[in-house]
Enquirer: 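One structure is given below, represented as structure tokens, and several questions about it will come after.
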Amino acid sequence: SVLCVEIPEARPLDVKAENIPLDIVYEDDDLLVVNKPKGMVVHPAAGNYDGTLVNALLYHCGDSLSGINGVIRPGIVHRIDKDTSGLLIVAKNDTAHRHLAEQIKAHSFTREYRAVVYGKIREDGTVDAPIARHPQDRKRMAVYPAGTAGAREAVTHWFVRERFPNSGAGGRTLLRVELETGRTHQIRVHMASIHHPVAGDPVYGPHNCITSLHGQCLHAKTLGFIHPITGEHLRFDSELPDYFTRFLTTLRQRTGGNTL
């Protein structure tokens, strides 16, 4: 038998500029810092070819975005998940992009998050566990033993900010989380690996997910970096969004939070 395969000619992807409002925290000729809302995809992919942050950036910036990551991800230096809210840096030219990427690689790029996780965490800690694709589910990530081929170094530090001991089975804990590396789903995978998944996470959390959160309770709160052109140290902080503060209010009303 003969199997015939017809491969169509490659067509350039047409990523359209869309007039979508952006919460811009900072902007100059080389970069901008955007406060991304929960529910917005960062760049086009299967099933999400419009309504993304990149579509909005193309409208706002025109051709003034770095081209290092191609037409799909113009200007995108690092990403946060669709249902993670918070700060994201965008490069307007290749020089800025390269310098910022080098800072991320050298672990000198500050990224702090806030997360509410399941369970009662008693003390600060660190997860140092490599991450790679899940062996059965390619849409998920998983932790692997050190030295596993294909798994990339991943380090997450957490600091307890508030405990809600009686808010459901096992309680809940508010954490400040610092990333040393930036792997796909890193915080979500690492916290789930120590049996404290992020509240509302439909992928790594328990089956009876908190659906009212519409995704994980995770916010990219702080960014700090050296400006790639001026050499100035910049640091930006964002307020917790409404969905996050409403959830904290509910937890406090139920149990009385133990703020540290």
Enquirer: Verify, without hydrogens or angle tests, whether Thr173 (side chain) and Ile121 (backbone) share a donor-acceptor contact under 3.5 angstrom.
Expert: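 Yes: the side chain of Thr173 pairs with the backbone of Ile121.
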
Enquirer: Give the table of side-chain donor-acceptor pairs shorter than 3.5 Å for residues 188-197, with sequence neighbours excluded, one pair per line with atom names and distance.
Expert:
from   : atom 1 : to     : atom 2 : distance (Å)
Arg188 : NE     : Asp201 : OD2    : 2.8
Arg188 : NH1    : Asp81  : OD2    : 2.9
Arg188 : NH2    : Asp201 : OD1    : 2.9
His190 : ND1    : Thr156 : OG1    : 2.7
His190 : NE2    : Ala129 : O      : 2.8
Ser193 : OG     : His190 : O      : 2.6
His196 : ND1    : Tyr118 : O      : 2.7

Enquirer: Using the rule given for side chain to side chain contact (heavy atoms under 4.5 Å, CB included), can you reason through Leu22 versus Tyr59, listing the C-alpha separation, both sets of side-chain angles and the distance that settles it, and then say yes or no?
Expert: CA-CA 10 Å; Leu22 288 173; Tyr59 184 90; over 6 Å; no

Enquirer: Within the side chain of Arg79, is there an N or O that forms a donor-acceptor pair under 3.5 Å with the backbone of Val42?
Expert: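 Checking the backbone N and O of Val42 against the side chain of Arg79, no donor-acceptor pair under 3.5 Å is found.
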
Enquirer: Using atom types as modelled and distance alone, determine if a side-chain donor or acceptor of Asn69 lies under 3.5 Å from a backbone N or O of Ile72.
Expert: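 No, because the side chain of Asn69 does not come within donor-acceptor range (under 3.5 Å) of the backbone of Ile72.
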
Enquirer: Kindly indicate whether the side chain of Pro74, heavy atoms from C-beta on, has any atom under 4.5 Å from the side chain of Leu58.
Expert: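 A side-chain contact exists here, since the closest heavy-atom pair is under 4.5 Å.
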
Enquirer: Do any N or O atoms from the side chain of Thr249 and from the backbone of Thr245 form a donor-acceptor pair under 3.5 angstrom?
Expert: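 Yes.
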
Enquirer: Please answer whether the main-chain N or O of His227 pairs with a side-chain N or O of Thr230 as donor and acceptor at a distance below 3.5 Å.
Expert: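 No, the answer is negative, given that no donor and acceptor are paired below the 3.5 Å cut-off.
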
Enquirer: Just jot down the side chain to side chain donor-acceptor pair (under 3.5 Å) partners of Tyr144, sequence neighbours excluded, or say none.
Expert: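 Residues passing side chain to side chain donor-acceptor pair (under 3.5 Å) with Tyr144: none at all.
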
Enquirer: Using a 4.5 Å cut-off on heavy atoms from C-beta on, say whether the side chain of Asp23 contacts that of Pro21.
Expert: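 Of all side-chain heavy-atom pairs linking Asp23 with Pro21, none is under 4.5 Å.
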
Enquirer: Keeping Thr181 on the side-chain end and Arg183 on the backbone end, is there a donor-acceptor pair under 3.5 Å?
Expert: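 No; judged by distance alone, with no hydrogens or angles, the pair does not exist.
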
Enquirer: Lys38 side chain to Gln216 main-chain N or O, any donor-acceptor pair under 3.5 Å?
Expert: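 Such a contact is found between Lys38 side chain and Gln216 backbone.
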
Enquirer: Could I get the full list of ring pair (Phe, Tyr, Trp, His ring centres under 6.0 Å) partners for Phe109, not counting sequence neighbours?
Expert: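 In terms of ring pair (Phe, Tyr, Trp, His ring centres under 6.0 Å), with neighbours along the sequence ignored, Phe109 is linked to His78, Phe225.
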
Enquirer: May I ask you to decide if Ala220's main-chain N or O and Lys36's side chain share a donor-acceptor pair within less than 3.5 Å?
Expert: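 A pair under 3.5 Å: no.
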
Enquirer: Would you please name every residue forming a side chain to side chain donor-acceptor pair (under 3.5 Å) with Arg73, sequence neighbours left out?
Expert: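 Testing Arg73 for side chain to side chain donor-acceptor pair (under 3.5 Å), a comparison that skips the adjacent residues, returns His43.
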
Enquirer: When you compare the side chain of Leu32 with that of Cys61, does any pair of heavy atoms fall below 4.5 Å?
Expert: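 Contact flag for Cys61/Leu32 side chains = yes.
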
Enquirer: Counting distance only, does the side-chain N/O of Asn93 pair as donor-acceptor with the main-chain N or O of Leu65 below 3.5 Å?
Expert: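 Absent.
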
Enquirer: Would you please name every residue forming a side chain to side chain donor-acceptor pair (under 3.5 Å) with Asn55, sequence neighbours left out?
Expert: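 Partners of Asn55 under the side chain to side chain donor-acceptor pair (under 3.5 Å) test: Glu18, Thr52.
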
Enquirer: Only counting residues at least two apart or in another chain, list the ones meeting side chain to side chain donor-acceptor pair (under 3.5 Å) with Arg152.
Expert: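 Not a single residue meets the side chain to side chain donor-acceptor pair (under 3.5 Å) criterion with Arg152.
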
Enquirer: Going by ring pair (Phe, Tyr, Trp, His ring centres under 6.0 Å), name the residues that satisfy it together with Tyr204, two or more places apart in sequence or in a different chain.
Expert: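 Only His185 meet the ring pair (Phe, Tyr, Trp, His ring centres under 6.0 Å) criterion with Tyr204.
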
Enquirer: Can you name the ring pair (Phe, Tyr, Trp, His ring centres under 6.0 Å) partners of Phe159, sequence neighbours left out?
Expert: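 For Phe159 there are no ring pair (Phe, Tyr, Trp, His ring centres under 6.0 Å) partners, ignoring immediate neighbours.
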
Enquirer: Compile the donor-acceptor pairs under 3.5 Å between side chains in residues 131-138 and protein atoms, sequence neighbours left out, one pair per line.
Expert:
from   : atom 1 : to     : atom 2 : distance (Å)
Arg133 : NH1    : Arg138 : O      : 3.0
His134 : ND1    : Gln136 : N      : 3.1
His134 : ND1    : Asp137 : N      : 3.2
Asp137 : OD1    : Lys139 : N      : 3.0

Enquirer: Which residues pass the ring pair (Phe, Tyr, Trp, His ring centres under 6.0 Å) test with Phe236, sequence neighbours left out?
Expert: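 Partners of Phe236 by the ring pair (Phe, Tyr, Trp, His ring centres under 6.0 Å) criterion, ordered by chain and then number, come out as Tyr26.
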
Enquirer: Under 3.5 Å, is there a donor on one side chain and an acceptor on the other for Tyr243 and Ser212?
Expert: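 The criterion, which ignores hydrogens and geometry beyond distance, is not satisfied for Ser212 and Tyr243.
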
Enquirer: Just by distance, do the side chain of Ser108 and the backbone of Gln103 share a donor-acceptor pair under 3.5 Å?
Expert: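 Present.
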
Enquirer: Scan residues 92-118 for pairs that pass salt bridge (charged side-chain N to carboxylate O under 4.0 Å, His left out), counting only residues two or more places apart or in two chains.
Expert: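 Residue pairs with at least one partner in residues 92-118: Glu27-Lys92, Glu112-Arg176, Glu112-Arg235.
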
Enquirer: For Asp237, enumerate each residue passing the salt bridge (Lys or Arg N to Asp or Glu O under 4.0 Å) test, keeping only those at least two apart in sequence or located in another chain.
Expert: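 Partners of Asp237 by the salt bridge (Lys or Arg N to Asp or Glu O under 4.0 Å) criterion, ordered by chain and then number, come out as Lys221.
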
